[in-house]
Structure formats: C-alpha cells, structure tokens
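Some notes on the structure that comes next.
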Amino acid sequence: MKDGLGEFESQFKLMDPANEQIYEVALEPVSFQSDGTSAVVIQLNNVQFNSEGVYTVVLRLGGKKYNFPIVISSASTTDSK
C-alpha cells in the first residue's frame, strides 16, 4: 500500500461468495511509518463459513477500500493422509 504515511481509520469486513457481509468490525487506527512497517491485527470471533467458495476480505483504510480474495474449501481443511 503506497498511499501515504500516517495514521488511518480502519474497518474490516468479510463477504461471502454471494457478496453478503458475514462479519464487520471497526479496528484501531492503523499507522504507516516511513520505514515501511505497519500491522493490522484482526481477531475473528464466531465466524461461520457455511459454504465453499471465494470469500472477500475488505479492509478500509482512511476511506479507501482494499479487497483480498480468500478461498475456503473442504480440501484445505482435511488431512490427505
């Protein structure tokens, strides 16, 4: 993310494969430092993934939205041994 330095209001959303919101939380402000370091810590509580598919993590920083797709599948949670 190269949109600047400083402190930004932040929000986290999780969207299911049908683009329905299943989780939302306001986060502590995120600080981007000149040395390139930053951290966004998110703890998900009581989130249920009811179907396989591509979910979208939506991170909003200072009013700008960043989307990150994640794939949830039964193959990723089973042991193949």
Side-chain angles (χ1 to χ4, degrees):
M1 298 186 197
K2 301 177 180 177
D3 293 338
L5 303 175
E7 192 167 273
F8 298 89
E9 294 295 320
S10 59
Q11 180 184 43
F12 172 90
K13 291 183 182 183
L14 183 60
M15 311 299 285
D16 70 10
N19 205 34
E20 297 289 328
Q21 180 179 303
I22 60 171
Y23 194 84
E24 177 181 22
V25 64
L27 304 171
E28 294 292 322
V30 175
S31 180
F32 287 93
Q33 305 298 321
S34 61
D35 64 1
T37 61
S38 63
V40 177
V41 178
I42 301 165
Q43 179 178 344
L44 301 178
N45 295 314
N46 301 317
V47 175
Q48 292 185 1
F49 295 95
N50 294 323
S51 63
E52 295 182 325
V54 179
Y55 288 72
T56 303
V57 169
V58 180
L59 181 60
R60 188 175 293 271
L61 296 172
K64 187 166 182 178
K65 185 169 71 168
Y66 299 89
N67 293 335
F68 303 95
I70 59 171
V71 176
I72 301 297
S73 75
S74 60
S76 65
T77 60
T78 59
D79 188 358
S80 60
K81 293 181 182 178

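Going from atom CZ of Arg60 over to atom OG of Ser10 covers 11.5 Å, rounded to the nearest 0.5 Å.
Remark: Asn45 pairs with Tyr23, Gln43 by the side-chain contact (heavy atoms from CB on, under 4.5 Å) rule, at least two apart or across chains. Under the side-chain hydrogen bond (donor to acceptor under 3.5 Å, both in side chains) criterion, Ser31 pairs with Gln33, not counting sequence neighbours.
Val25 is connected to Leu44 through a chain of hydrophobic side-chain contacts under 4.5 Å among Ile, Leu, Val, Met, Phe, Trp and Tyr, so both are in one cluster.
Residues Leu59 and Phe68 meet the side-chain proximity criterion, which asks for heavy atoms closer than 4.5 Å. With contacts defined as side-chain heavy-atom distances shorter than 4.5 Å, the pair Val58/Lys65 qualifies. Side-chain contact between Thr56 and Ile70: absent, with no pair of heavy atoms (C-beta onward) separated by less than 4.5 Å. By the 4.5 Å heavy-atom criterion applied to side chains, Phe32 and Leu61 are counted as neighbours. The shortest side-chain heavy-atom distance between Ser74 and Glu52 falls under the 4.5 Å cut-off.
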Check: residues 11-19 side-chain donor-acceptor pairs under 3.5 Å, at least two apart:
unit_1	atom_1	unit_2	atom_2	d
Gln11	NE2	Glu24	OE2	2.5
Asp16	OD1	Ala18	N	2.9
Asp16	OD1	Asn19	N	3.1
Asp16	OD1	Glu20	N	2.8

Please determine whether side-chain contact (heavy atoms from CB on, under 4.5 Å) holds for the pair Tyr55 and Val71, giving the CA-CA distance in whole Å, both sets of side-chain angles, and the decisive distance to 0.1 Å. CA-CA 6 Å; Tyr55 288 72; Val71 176; over 6 Å; no
